[in-house]
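In this chain, residues are counted from 1 in sequence order.
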Amino acid sequence: MGVDWAGMIIAIDGPAGAGKSTIARALASALGLIFLDTGAMYRAVALACLRGDVSASDQEAVARMASEVHLSFDDEGAIYLDGEPGEPDIRSEAVDELVSPVAAIPAVRAAIVPKQHLVATRHGGLVAEGRDVTTVVFPEADFRFFLDASPRERARRRARQMGQLERVDEIERSLARRDAIDSGRADSPLRLGAGVTHLETDDLDAQGVVDLILATVGARADD
Ligand code: DC
């Protein structure tokens, strides 16, 4: 039976480097939905702080920045910060280091989450990925997945993506630092929520994960 995907919300959480963006983007394209990279929004706030010389320890100034920045997306889901492309600067190592402390500030999340709800309201349906989209942002999503892989495998994937395989140990340490902050914070920590499907992806390539999720959502939607 054909399934009408318009209006469907698929939420995907998981630790850094688990492949969420690649998978979410491919799923969105296969189902004709838009793709929402919620991490890019926190990255854009961190980038604005770097540019404005705002330190993560000045929580009030960071929160002000989060409510004042204008965030938008193009049709491919790429983020714009105050009208300028956020890529590639939001992926810099300086942003990598700053983004987890910035995202741990409750007032920052309070400013960003309504913007995520707004994107969903405007488009009706979407594929969203992040750390809290299955538990806090879209707990009522039609489908919720927790995408996981071992720390070593995630570091290997990131290093391959960066074309810097020789830095795999250093990248693994950096991912571990971010995971510790993302999972240990008090507000909306990364966690496997009740009823969320846990997918271990060490032995799958990106297409394998996409196929698995498509089979799962297709089978359940056809019920
Ligand atoms: O997915 P990413 O690596 O681009 O995310 C960057 C950071 O943003 C991540 O370390 C934690 C934070 N984040 C968050 O707190 N909540 C989300 N929904 C998405 C990302």
So, [X] and [Y], do they make that salt bridge, N to O below 4.0 Å?
X: E153; Y: R156; answer: yes
X: R152; Y: D169; answer: yes
X: R131; Y: D182; answer: yes

I'd like to check the side-chain contact (heavy atoms from CB on, under 4.5 Å) partners of [X]; sequence neighbours left out, ordered by chain and number.
X: I79; result: A40, M41, A44, L71, F73, I90
X: P106; result: D187
X: R191; result: T135
X: E60; result: D58, R64

Of all the heavy-atom pairs spanning [X] and [Y], show the shortest one and how long it is.
X: L199; Y: F145; answer: CD1-CD2, 3.8 Å
X: V54; Y: A61; answer: CG1-CB, 3.7 Å
X: M162; Y: I171; answer: SD-CD1, 3.8 Å
X: A46; Y: V95; answer: CB-CG1, 4.2 Å
X: P15; Y: K20; answer: O-NZ, 3.0 Å
X: V62; Y: C49; answer: CG1-SG, 3.9 Å

Handout entry: Pairs satisfying salt bridge (charged side-chain N to carboxylate O under 4.0 Å, His left out), at least one member in residues 105-129, at least two apart
Key =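 Qualifying pairs: R109-D132.
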
Exercise for the section: Just grab all the salt bridge (charged side-chain N to carboxylate O under 4.0 Å, His left out) pairs involving residues 28-52, residues at least two apart or on different chains. Expected result: D37-R91, R43-D96, R51-D89

Among all residues two or more places apart in sequence or in another chain, which pass the ring-ring contact (aromatic ring centres under 6.0 Å, His included) test with [X]?
X: F146; answer: H198
X: H117; answer: F138
X: Y42; answer: none

Keeping [X] on the side-chain end and [Y] on the backbone end, is there a donor-acceptor pair under 3.5 Å?
X: S67; Y: A63; result: yes
X: T216; Y: L212; result: yes
X: D142; Y: I9; result: yes
X: R185; Y: A104; result: no

Under 4.5 Å between side-chain heavy atoms, hopping through other hydrophobics if needed: is there a path connecting [X] to [Y]?
X: I23; Y: V196; value: no
X: L190; Y: I181; value: no
X: L204; Y: L27; value: yes
X: I213; Y: F35; value: no
X: F143; Y: L192; value: no

Problem - Beyond-backbone contact of L98 with L50, side-chain heavy atoms, under 4.5 angstrom - result: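 Side-chain contact under 4.5 Å: yes.
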
Handout entry: Atom pair CD1/OG of I105 and S100 - distance to nearest 0.5 Å
Key =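 So the gap between those two atoms works out to 11.5 Å.
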
Handout entry: Partner set under salt bridge (Lys or Arg N to Asp or Glu O under 4.0 Å) for E97, not counting sequence neighbours
Key = R177

Problem - Residues forming a side chain to side chain donor-acceptor pair (under 3.5 Å) with S72, sequence neighbours excluded - result: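 So S72 forms no side chain to side chain donor-acceptor pair (under 3.5 Å) with any residue.
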
Fill in the blank from the handout: By side chain to side chain donor-acceptor pair (under 3.5 Å), D82 pairs with (sequence neighbours left out) none

Practice task
Take atom CG of D75 as the centre, draw a 6.0 Å sphere, and report whether it contains more than 12 heavy atoms from other residues, nucleotides or ligands.
Solution key: no

Practice task
Please name the residue in the list R167, E166, Q161 that meets the side chain to side chain donor-acceptor pair (under 3.5 Å) test with Q164.
Solution key: R167

